[in-house]
Amino acid sequence: MMSLPSAVLSGIDTNTIYTYKQKQVADSSIAFEISIKGLLGGHSGMDIHKGRANANKLMNRVTL
């Protein structure tokens with residue numbers, strides 16, 4: 001098993017450890033990289049009324 005650290009981008013850092021088991025995959029398997037670019041960003045409290053897209057929510061819609 002391996003552990004991966006992660007950080008939460010909300011003004012403070014949070015260290016979390018996730019454990020997982022690696023699996024063998026077939027040589028014919030295909031991996032994908034998905035990127036979301038060009039978003040305007042902003043402060044979630046001050047700019048919430050601007051209706052800007054959230055990269056986390058968009059990625060969730062794409063992958064679920």
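Both backbone and side-chain heavy atoms feed into the values below; hydrogens, waters and symmetry mates do not.
Here the OG atom belonging to Ser29 is positioned 12.0 Å from the NZ atom belonging to Lys23, to the nearest 0.5 angstrom. Lys57 contributes atom NZ, which lies 13.0 Å from atom CD1 of Ile36 (distance to the nearest 0.5 angstrom).
Under a 3.5 Å cut-off, the side chain of Thr63 and the backbone N or O of Met59 do form a donor-acceptor pair.
Scanning both residues, Leu39 and Asn54, for their nearest heavy atoms gives CD1-C, 4.3 Å. The two residues Leu58 and Ala53 make their nearest non-hydrogen contact at CD1-CB, 3.7 Å.
Residues passing the side chain to side chain contact (heavy atoms under 4.5 Å, CB included) test with Lys50 are Asp47, Arg52, sequence neighbours excluded.
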